[in-house]
Every structure is written in C-alpha cells, then in structure tokens.
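For reference, the structure is listed below as structure tokens.
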Protein chains: 2
Amino acid sequence: MDLVLLTLRGGRLCVLLIRRDGPPFDAPWALPGGFVDGDEDLDTSASRRLWAETGVTMAGHLEQLRTYGGPHRDPRMPWVSVAYLALLPNLPSPPPGSDGPRARWWPVADLGSADGPMLALDHPRIVADGVERARAKLEYTPLAAAFCEDQFTLADLRRVYEAAWGVALDPPNFRRKVLSTPGFVVPLGQRTSPRGGGRPAELYRRGSATALHPPLLRRSV
Amino acid sequence: MDLVLLTLRGGRLCVLLIRRDGPPFDAPWALPGGFVDGDEDLDTSASRRLWAETGVTMAGHLEQLRTYGGPHRDPRMPWVSVAYLALLPNLPSPPPGSDGPRARWWPVADLGSADGPMLALDHPRIVADGVERARAKLEYTPLAAAFCEDQFTLADLRRVYEAAWGVALDPPNFRRKVLSTPGFVVPLGQRTSPRGGGRPAELYRRGSATALHPPLLRRSV
DNA sequence: CCAAAAGTGTTGTCCATACACCCATGG
DNA sequence: CCATGGGTGTATGGACAACACTTTTGG
C-alpha cells in the first residue's frame with residue numbers, strides 16, 4: 001500500500017515523502033506505505049497508516065486512488081500496490097508520525113525539476129495521478145474544505161483552489177459561487193480576528209454536500 | 001479480478017453476468033473474472049480477460065474501476081480483487097466468449113428488483129460503482145462513443161446518454177453541443193440508409209478529444 | 001487618513017434551454 | 001400526402017467573469 005498525502009503549505013500544494021536508504025528503493029525519496037494486514041479492510045488499513053504517519057484521525061479526506069502492478073515494479077516489492085489519496089489540513093513539519101525524522105513535505109511543482117526529490121519505483125506516476133485526482137475533485141466536490149482547518153474563511157478555501165490549480169480566482173465571484181451552492185459551507189456567525197489590517201472574515205465549516213451542482217470548473221482548455 | 005462489462009441493448013444499459021453453480025458463489029449470478037497471471041500487467045490482464053469473454057479487442061473502452069478487499073469477502077476467494085470497467089458497443093446475446101452459454105446481459109435497472117438476478121459476494125456494490133463511474137464519465141469525457149459502433153449517428157450517441165442517465169435530451173441542442181466540442185466526433189460525409197421513414201442521418205466516428213470542455217452535465221441536482 | 005482585506009452591486013457575455021420550423025425519406 | 005426522424009433558427013433565462021464600489025479593521 002502506498003499513501004499520497006497532500007496538504008497546503010505556504011500557498012503551495014505539497015506531498016509527504018519519506019527518505020529511504022537501501023533496497024528495494026532505487027531513489028532516495030518514496031511515498032509512505034507498508035503492508036496490509038490480512039484481517040482488515042483496505043480502507044481501514046489505509047486509515048491506520050494515515051494515522052501512523054500524521055496523527056490525523058478525523059480531519060481531511062481519504063479515498064482509494066488506484067491499484068498499480070505489473071512486472072515493471074521492483075521484484076522485491078509486493079506485486080501489486082493499492083494507493084490511497086489523502087487531503088489534509090496544514091500539519092507540522094516534519095509530521096509527528098513514525099517516519100517523522102525522515103519525512104518531508106515537498107511542493108508537487110518541484111517534483112520534476114532538478115532541485116526536486118528523486119522518487120523511487122513508479123511513485124512519480126502515483127503522485128501525478130493523485131495530484132490530478134485532487135485537482136479534478138475540487139471541481140465537482142466540496143473536498144477543498146478537507147485542506148482547511150475545522151473552521152475556515154472563504155479566503156482560506158479560495159487559496160486551496162488557487163494553490164491546487166495554479167490560477168488566481170476573483171474573490172467576489174468565488175464567494176458568490178460557494179455560498180450559492182447548498183451544503184458546501186455552513187456559516188458559523190463568528191469572525192476571525194484580523195491579522196495585520198483588513199476587515200475580519202466570517203468563519204465557516206464544511207457542509208453536508210457531497211457534490212457541487214453545477215461544478216466549479218477550472219477554465220483551462 | 002472482476003470485470004464490469006456495460007453495453008446498450010434495446011435502449012437499456014446492461015451488464016454482463018455469468019451464471020455460477022457451486023462455491024465460492026453464494027448467489028447464482030456473478031461478474032466475469034478470474035485470476036491474474038504473475039507475469040503480466042494489470043491492464044494487460046484485464047484486456048485479455050475482456051477478449052476471452054466477448055471477443056472484443058479494440059472497440060469500446062477499458063479502465064480500472066477500483067480494488068475491493070477485506071475480511072467481508074468470501075474466504076475462498078482471493079483476499080483482494082481489482083475490478084475493471086468496460087464500455088462496449090452492442091454485442092451478440094449471449095456473447096461469444098468462454099462463458100458464453102452461462103453468460104447473459106442484464107439491464108442494470110433490474111438488479112435491485114424482485115425479478116432481477118441475485119448477485120454473489122460484493123458484486124452488487126462493484127456493479128453499482130461501475131455504473132456510477134460510467135454515468136459520471138459521460139459528463140466530462142467523450143466515452144459515450146465507446147458504446148457505439150465504429151460509425152454512428154448523433155441519434156445513436158444521444159441514445160447512449162438517454163439510456164445511461166434515464167432522461168430525454170433535446171435532439172437539436174444535443175447536436176449543437178456535441179458538434180461545438182472540438183474532437184468529440186468527426187463527420188464522415190456519409191449518411192445512413194433510413195430505416196422505415198425519416199431523413200437519413202450523417203455518420204460520425206470518434207474524435208481525438210479525451211475530455212469535454214465544458215462538460216455535458218446531467219441536470220439532476 | 002491610508003492600506004489591506006472582506007464583502008456587495010452591476011453589467012455584459014456566453015451558453016443552455018425550449019420550441020418553432022424546415023428537410024428528406026418511406027409508405 | 002402524411003408520418004417519422006434529421007437538422008436549423010431563434011428567443012429567453014441563468015450563470016459567470018469583470019470590475020467598480022462599500023465596509024471594517026490595523027497602523
């Protein structure tokens with residue numbers, strides 16, 4: 001099992017990587033993961049590993065990403081690996097998990113570049129699939145809130161989209177769009193204490209919606 | 001490995017089920033599937049099994065659906081199973097595959113009803129996931145053409161949406177929408193010979209687009 | 001008073017819908 | 001000539017992008 005843990009740090013979308021030393025890893029950085037116990041559900045196993053890596057239990061979002069397998073994978077690894085994708089609010093660096101000392105958050109934009117980490121096995125593709133899944137799900141689900149704390153402002157939510165998609169969104173229009181979607185967010189009737197000037201923002205929490213109708217499309221084309 | 005093979009028969013979305021007799025199947029109908037060879041890729045294995053069941057090679061569409069596993073599955077079965085989803089044009093009934101005599105296309109709308117088939121293990125959920133995946137992918141990909149023959153009319157394509165979503169679409173507006181999406185379909189400059197009255201329709205084949213911008217949304221809410 | 005951030009109003013454009021209408025074929 | 005299905009034209013409404021403007025805070 002491999003875990004793609006995504007979060008936002010400093011306005012950048014980041015993935016958690018673990019520094020590995022020996023085989024079966026042919027490159028210094030790899031996704032967190034491990035073996036699945038025979039007596040537990042796949043989702044349960046992923047949830048347990050997520051907790052082991054980050055201490056996170058309820059926050060965020062966890063879903064199965066895809067299963068990777070075939071002769072191209074390292075023969076010393078399990079023949080197939082089920083990858084899971086987690087979207088998490090900002091966490092300490094390094095995260096307080098079992099791999100803490102060897103763990104690091106890497107901006108996903110740095111993965112292909114020269115000063116970015118070298119990823120082992122087929123992990124580059126797994127990360128790419130996870131990032132694309134996350135970007136796509138922001139369009140038609142309210143999962144952007146999984147990147148935020150329990151209470152968040154609409155600016156927090158907007159910055160999730162801006163970091164994940166690499167675009168700038170118009171704050172007034174974003175506000176209208178989110179508030180006009182039933183169940184996306186729930187107002188709490190409280191305001192933030194402003195930080196260095198500016199009007200305090202209203203606080204919200206996640207709503208009960210599971211899909212956005214109509215979606216919040218990134219206008220790429 | 002389990003295969004969810006979907007096709008259109010008589011304006012209804014149908015799934016291929018195999019009649020099973022003994023254990024490990026606790027109900028008479030099950031998805032086609034089998035074991036994965038250790039020396040082949042997952043996608044390759046799914047493609048091979050698809051060919052074995054239907055004789056289909058290039059037509060249609062095949063993608064990984066999800067991996068199911070956990071203690072709730074039958075202990076005599078493999079502990080995990082990777083499910084694949086295929087969208088296929090209309091095929092003979094029964095299909096000319098290895099399980100041909102025991103295979104049957106069932107309308108997915110009948111699955112929950114009293115006169116519908118009883119599905120073994122966790123196959124009801126797998127079928128439901130596959131159907132929902134197919135319905136969703138019709139929105140933002142040109143995969144509806146995978147349900148059609150090599151050459152098809154816009155009415156054929158429209159009937160795919162109508163069958164999968166259970167709605168009626170306005171033919172003029174559907175036509176404009178499809179033709180205004182670059183790469184969705186390619187006109188062939190030929191016309192069908194009309195069948196029992198009506199103007200002959202123009203013929204098209206699949207285009208090169210992989211996504212629809214903007215999507216063709218079902219207005220359910 | 002000024003800067004900064006949150007929030008409101010307004011307008012134009014695009015797109016989807018609904019539906020009237022025309023075209024081409026079989027009976 | 002009529003029924004049937006394919007295809008075109010067009011008016012209306014809703015959603016979104018753009019941007020001017022107001023509100024509320026800190027300095």
Side-chain angles (χ1 to χ4, degrees), chain A residues 11 138-140 144 148 151-163 165 167-182 184-205 209 211-221, chain B residues 10-11 138-140 144 148 151-163 165 167-182 184-205 211-221:
Chain A
L138 292 188
E139 290 191 319
Y140 56 94
C148 300
Q151 303 189 356
F152 54 87
T153 69
L154 294 183
D156 294 333
L157 196 65
R158 178 169 46 82
R159 277 185 275 268
V160 173
Y161 284 91
E162 294 179 331
W165 291 350
V167 299
L169 297 178
D170 184 67
N173 294 333
F174 180 81
R175 172 191 181 80
R176 263 187 294 263
K177 176 68 184 174
V178 171
L179 294 183
S180 69
T181 303
F184 196 164
V185 298
V186 177
L188 295 175
Q190 304 170 17
R191 293 170 176 279
T192 55
S193 46
R195 42 208 176 279
R199 174 173 172 174
E202 295 179 59
L203 283 171
Y204 298 83
R205 60 173 173 80
L212 303 184
H213 287 286
L216 214 162
L217 296 176
R218 43 182 165 166
R219 47 201 217 84
S220 49
V221 182
Chain B
L138 292 188
E139 290 191 319
Y140 56 93
C148 300
Q151 301 189 356
F152 53 88
T153 69
L154 294 184
D156 294 333
L157 196 64
R158 177 170 46 84
R159 276 185 276 268
V160 173
Y161 284 91
E162 293 179 332
W165 291 350
V167 299
L169 297 179
D170 184 66
N173 294 332
F174 181 80
R175 172 190 181 80
R176 261 187 295 264
K177 176 69 185 172
V178 171
L179 294 184
S180 69
T181 303
F184 197 162
V185 297
V186 177
L188 294 176
Q190 304 171 18
R191 293 170 176 280
T192 56
S193 44
R195 43 208 177 279
R199 173 174 172 176
E202 294 178 61
L203 283 171
Y204 297 83
R205 61 173 174 79
L212 304 184
H213 289 286
L216 215 161
L217 297 176
R218 43 182 165 167
R219 47 201 216 85
S220 50
V221 180

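Heavy-atom basis, side chains included; hydrogens, waters and symmetry copies ignored. In what follows, every chain begins at residue 1, and chains take the letters A, B, ... in the order their sequences are listed. As the structure is a computational prediction, the values presented were derived from the model and not from experiment.
- Here chain B contacts DNA chain C (any atom closer than 4.0 Å to a heavy atom, that is under 4.0 Å), and the contacts span dA16(C) to dG26(C) from 5' to 3'.
- For Phe184(A), the ring pair (Phe, Tyr, Trp, His ring centres under 6.0 Å) criterion is met by no residue, not counting sequence neighbours.
- Asn173(B) pairs by the side chain to side chain donor-acceptor pair (under 3.5 Å) definition with Asp170(B), Arg176(B), not counting sequence neighbours.
- With rounding to the nearest 0.5 angstrom, the OG1 atom of Thr192(A) is 13.0 Å from the CZ atom of Phe152(A).
- In this structure, the side chains of Leu188(A) and Gln151(A) come closer than 4.5 Å at one or more pairs of heavy atoms.
- Listed by first and then second residue, the salt bridge (charged side-chain N to carboxylate O under 4.0 Å, His left out) pairs involving residues 151-162 of chain A are Asp156(A)-Arg159(A), Arg158(A)-Glu162(A) (not counting sequence neighbours).
- With sequence neighbours excluded, the residues that form a side-chain contact (heavy atoms from CB on, under 4.5 Å) with Arg191(A) are Arg199(A), Pro200(A), Glu202(A).
- Ala211(B) pairs by the side-chain contact (heavy atoms from CB on, under 4.5 Å) definition with His213(B), not counting sequence neighbours.
- Atom pair Arg175(A):CZ and dA18(D):C1' shows a separation of 18 Å (rounding to whole Å applied).
- With sequence neighbours excluded, the residues satisfying side-chain contact (heavy atoms from CB on, under 4.5 Å) with Val186(B) are Arg205(B).
- To the nearest 0.5 Å, the span separating OH on Tyr140(A) from OH on Tyr140(B) amounts to 4.5 Å.
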Do any N or O atoms of the protein come closer than 3.5 Å to N or O atoms of nucleotides 24-27 of chain D, and which pairs are they?
{"from": "dT24(D)", "atom 1": "O2", "to": "Arg199(A)", "atom 2": "N", "distance (Å)": "3.3"}
{"from": "dT25(D)", "atom 1": "O2", "to": "Gly198(A)", "atom 2": "N", "distance (Å)": "3.0"}
{"from": "dG26(D)", "atom 1": "O4'", "to": "Gly197(A)", "atom 2": "N", "distance (Å)": "3.3"}

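- Rounded to a whole Å, the CG atom of Leu203(B) is 12 Å from the C1' atom of dG6(D).
- Comparing dG7(D), dG6(D), dA20(D) by their nearest atom to the side chain of Pro172(A) picks out dA20(D).
- If you measure from atom CG of Asp170(B) to atom C1' of dG5(D), you get 14 Å, rounded to the nearest angstrom.
- Checked by atom type and distance alone, the side chain of Tyr161(A) pairs as donor or acceptor with a backbone atom of Leu138(A) at under 3.5 Å.
- Under the rule for a side-chain contact (heavy atoms from CB on, under 4.5 Å), the partners of Pro214(A) that lie at least two apart in sequence or sit in another chain are Lys177(A), Leu217(B).
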Could you run down the sub-3.5 Å N/O contacts of the protein with nucleotides 10-15 of chain D?
{"from": "dT10(D)", "atom 1": "O4", "to": "Arg176(B)", "atom 2": "NH2", "distance (Å)": "3.2"}

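- Residue order along DNA chain D, read from the 5' end via each residue's closest nucleotide, puts Ala201(B) first among Pro215(A) and Ala201(B).
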